[in-house]
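Values below: all heavy atoms of this structure, side chains included; hydrogens, waters and symmetry mates excluded.
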Amino acid sequence: MTIVVSEDDDEADYSPFAFLKSSVRDDVLNVSHDYRYQKMGYYVSMHAELGGNAVIPRCADILDTHRNPLLMTRAREAGIPCLPYTLVSGRQDVALPALCFAVNPYTCNSVTAVRSESRMLRTLKSLSVNNRYPVSVQPLIGDVREAVQAFGETDVPEARDIARRFYEEFRVPVGKLVVQVVDGVARLSHFEPAQRNEVDWGLVRERVRAIARAG
């Protein structure tokens with residue numbers, strides 16, 4: 001048996017709010033468009049783990065996907081094609097053009113393309129919260145695409161293999177992959193929450209039903 005907690009599906013066993021008041025003992029599938037730390041999706045997984053339940057996604061996987069350097073390190077080790085990154089602190093010379101990503105826990109959807117030195121200085125100051133945190137910087141060498149994935153599936157052709165591998169490694173059911181397409185080949189750059197209206201909830205429901213039946 002698998003307990004399904006979902007913010008969108010009327011067929012779910014629990015809404016997130018109801019689940020946080022429960023004391024269930026079972027495997028838990030946590031479906032959300034936003035798993036960021038201190039968001040409801042995160043709290044559902046945390047509540048499940050504190051209750052001694054196996055849960056998808058785990059808190060450790062959530063945190064790894066939402067910190068760019070941890071994401072890129074694990075993705076590379078899992079064989080997912082990805083871009084190299086450099087952690088930049090303060091004023092440093094950075095090769096341009098580049099993509100910058102916040103590492104601080106307060107900034108979401110921070111993908112910033114930078115093509116000039118003056119813009120880089122402003123971006124580093126902003127994403128670092130006045131130099132309190134490093135910034136993850138990647139070379140900008142291809143076309144940047146956003147691919148919303150649900151259970152390892154996406155409608156962006158170039159990102160389908162990465163979406164499948166991403167879900168196999170991190171088990172985060174829903175979210176947005178940021179990739180760079182270089183000579184027709186996609187490489188992972190980042191992961192961030194999807195907007196609610198970007199998610200194919202019909203596909204999500206199909207996958208949830210299949211998992212619940214198998215569980």
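By the rule that hydrophobic residues join a cluster once side-chain heavy atoms approach within less than 4.5 Å of another member, Ile80 and Met72 end up as members of one cluster. Side-chain heavy atoms closer than 4.5 Å link hydrophobic residues (I, L, V, M, F, W, Y) into clusters, and following such links, even through other members, never connects Val179 to Val156. The hydrophobic cluster containing Leu96 also contains Val88, counting ILVMFWY residues as joined when their side-chain heavy atoms lie under 4.5 angstrom apart, directly or transitively. When the side chains of ILVMFWY residues are joined at heavy-atom separations under 4.5 Å, either directly or via intervening members, Leu140 and Val181 end up in two distinct hydrophobic clusters. Cluster membership check: Leu63 shares its hydrophobic cluster with Leu188, using side-chain heavy-atom separations under 4.5 Å among Ile, Leu, Val, Met, Phe, Trp and Tyr.
Remark: Thr123 pairs with Cys100, Thr112, Val114, Arg119, Leu127 by the side chain to side chain contact (heavy atoms under 4.5 Å, CB included) rule, at least two apart or across chains.
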One pair to check against side chain to side chain contact (heavy atoms under 4.5 Å, CB included): Glu192 and Glu146. What are the steps and the verdict?
CA-CA 10 Å; Glu192 60 189 31; Glu146 294 182 344; 4.1 Å; yes

Go through the steps to decide whether Lys176 and Glu198 satisfy the test side chain to side chain contact (heavy atoms under 4.5 Å, CB included), and finish with yes or no.
CA-CA 9 Å; Lys176 184 186 295 183; Glu198 294 176 317; 3.1 Å; yes

Decide yes or no on side chain to side chain contact (heavy atoms under 4.5 Å, CB included) for Val204 and Val174, but give the supporting numbers first.
CA-CA 8 Å; Val204 170; Val174 179; 4.2 Å; yes

Assess whether salt bridge (Lys or Arg N to Asp or Glu O under 4.0 Å) is satisfied between Asp61 and Arg74, documenting all intermediate values.
CA-CA 10 Å; Asp61 292 327; Arg74 273 189 62 179; 2.8 Å; yes

Assess the residue pair Met40 and Phe17 against the criterion (side chain to side chain contact (heavy atoms under 4.5 Å, CB included)); give the C-alpha distance rounded to whole Å, side-chain angles, the decisive distance to 0.1 Å, and a yes or no.
CA-CA 8 Å; Met40 182 60 74; Phe17 289 102; 3.4 Å; yes

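Tyr37 has its ring centre no less than 6.0 Å from the ring centre of His66.
Side-chain atoms of Tyr85 and Val137, non-hydrogen and from C-beta on, never get closer than 4.5 Å to each other. Annotation: side chain of Ile56 is not in contact with side chain of Val172 (no heavy-atom distance under 4.5 Å). Taking 4.5 Å as the limit, every side-chain heavy atom of Pro69 sits out of range of all side-chain heavy atoms of Phe101. Between Arg160 and Glu153 the shortest side-chain heavy-atom distance does not fall below 4.5 Å. Between Val208 and Phe151 the shortest side-chain heavy-atom distance falls below 4.5 Å. Residues Arg171 and Arg58 have side chains not in contact (no heavy-atom distance under 4.5 Å, counting atoms from C-beta outward). Gln180 is listed as a side-chain neighbour of Leu99, based on a closest heavy-atom distance under 4.5 Å. At a threshold of 4.5 Å between non-hydrogen side-chain atoms, the residues Ser32 and Pro16 do not count as touching.
One finds the SG atom of Cys82 at 8.0 Å from the CG atom of Leu71 (value rounded to the nearest 0.5 Å). The CZ atom of Arg207 sits 9.0 Å away from atom CG of Asp200, with the distance rounded to the nearest 0.5 Å. To the nearest 0.5 Å, atom CG of residue Asp161 and atom CD of residue Glu158 are 12.0 Å apart. In this structure, the separation between CG on Asn68 and OG on Ser189 is 8.0 Å, given to the nearest 0.5 Å. Distance check: Asp64 CG to Thr73 OG1 gives 9.0 Å after rounding to the nearest 0.5 Å. Note that CG of Asn104 and OG of Ser126 are 9.0 Å apart. Values are rounded to the nearest 0.5 Å.
The minimum heavy-atom distance between Pro84 and Gln138, with the atom names listed, is O-CG, 3.3 Å. Among all heavy-atom pairs drawn from Ser128 and Asn131, the shortest one is OG-N, 2.7 Å. Heavy-atom minimum distance, Pro173 versus Pro57: CD-CD, 3.7 Å. Looking at every heavy atom in both residues, Phe170 comes nearest to Ala75 through CZ-N, 4.1 Å. The minimum heavy-atom distance between Arg25 and Gly52, with the atom names listed, is NH1-CA, 3.9 Å. Contact record, Thr65 with Ile62: OG1-O, 2.8 Å, taken as the closest heavy-atom pair.
The side-chain contact (heavy atoms from CB on, under 4.5 Å) test with Val135 singles out one residue from Leu87, Leu124, Val103, and that residue is Leu124.
When hydrophobic side chains of Ile, Leu, Val, Met, Phe, Trp and Tyr are connected at separations under 4.5 Å, Leu203 ends up as a singleton with no cluster partners.
Tyr167 does not carry Arg165 over the face of its six-membered ring by the limits of under 6.0 Å from the centre and within 45° of the normal.
Taking the six-membered ring for Trp and thresholds of 30 and 60 degrees, Phe166 and Phe191 have nearly parallel ring planes, at less than 30 degrees apart.
Among residue pairs with one or both ends in residues 38-57, those qualifying as side-chain hydrogen bond (donor to acceptor under 3.5 Å, both in side chains) are Asn30-Ser45; sequence neighbours excluded.
Counting only N and O atoms by type, the side chains of Gln195 and His33 include no donor and acceptor under 3.5 Å apart. Counting only N and O atoms by type, the side chains of Thr154 and Gln149 include no donor and acceptor under 3.5 Å apart.
Under a 3.5 Å cut-off, the side chain of Asp13 and the backbone N or O of Val4 do form a donor-acceptor pair.
Summarising the local packing, CZ of Arg187 is surrounded by 12 or fewer heavy atoms from other residues, nucleotides or ligands at distances under 6.0 Å.
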